[in-house]
Colleague: 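Here it is: the structure, laid out below.
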Amino acid sequence: MIIHLPTGKKFNNRKEAKIYFGTAYYYKMEREKKDLRFTHNVQSATNEYEEKINTNRLREQSND
């Protein structure tokens, strides 16, 4: 999760933050290491995607 410190806006991943701020501005903030806080480091986007799928499958199974 990424939190934009001045506004408190939360993003689930970098893609959402880049869409919201624009790629150039987002990378500038990331490079300067200011205004962004990363609360959960996921090494690769693939792992994040797999975790999300597994979580959704568990929810579906518990609802049945």
Side-chain angles (χ1 to χ4, degrees):
M1 181 179 287
I2 301 168
I3 301 172
H4 184 242
L5 297 174
T7 62
K9 183 138 178 77
K10 296 178 183 179
F11 303 96
N12 291 321
N13 53 42
R14 289 181 169 138
K15 183 178 180 180
E16 288 179 6
K18 283 193 293 187
I19 290 169
Y20 183 81
F21 291 113
T23 303
Y25 183 63
Y26 172 78
Y27 282 136
K28 179 183 176 189
M29 286 191 294
E30 196 174 66
R31 187 174 52 248
E32 293 175 353
K33 296 183 179 12
K34 74 184 228 190
D35 296 339
L36 297 176
R37 170 152 305 147
F38 296 86
T39 58
H40 177 51
N41 271 344
V42 175
Q43 292 296 325
S44 86
T46 311
N47 288 342
E48 182 178 354
Y49 181 70
E50 288 174 5
E51 287 176 14
K52 195 172 190 176
I53 289 173
N54 291 337
T55 304
N56 287 340
R57 283 184 187 157
L58 290 173
R59 285 183 188 154
E60 289 173 3
Q61 289 174 354
S62 65
N63 288 339
D64 291 337

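Quick caveat: nothing in here was measured; it's all calculated off a predicted structure.
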Colleague: Can you measure from NZ (K15) to OH (Y26) and round to the nearest 0.5 angstrom?
Modeller: 13.5 Å
Colleague: Taking all non-hydrogen atoms of both residues into account, name the closest pair between T39 and I3 and its distance.
Modeller: CG2-CD1, 3.7 Å
Colleague: Hey, does N12 have a side-chain heavy atom less than 4.5 Å from the side chain of M1?
Modeller: yes
Colleague: Quickly, which of M29, K28, E30 forms a side chain to side chain contact (heavy atoms under 4.5 Å, CB included) with E32? Name it, please.
Modeller: K28
Colleague: As a quick check of understanding, evaluate side-chain contact (heavy atoms from CB on, under 4.5 Å) for L36 and H4, giving each step before the final call.
Modeller: CA-CA 5 Å; L36 297 176; H4 184 242; 4.2 Å; yes
Colleague: Could you go through the ring pair (Phe, Tyr, Trp, His ring centres under 6.0 Å) check for F21 and F11 one step at a time?
Modeller: CA-CA 11 Å; F21 291 113; F11 303 96; 5.5 Å; yes
Colleague: Between CD of E16 and NZ of K18, what distance do you get to the nearest 0.5 Å?
Modeller: 12.0 Å
Colleague: Tell me, with the steps shown, if R14 and F38 meet side-chain contact (heavy atoms from CB on, under 4.5 Å).
Modeller: CA-CA 10 Å; R14 289 181 169 138; F38 296 86; 3.8 Å; yes
Colleague: Decide yes or no on side-chain contact (heavy atoms from CB on, under 4.5 Å) for Y20 and I2, but give the supporting numbers first.
Modeller: CA-CA 12 Å; Y20 183 81; I2 301 168; over 6 Å; no
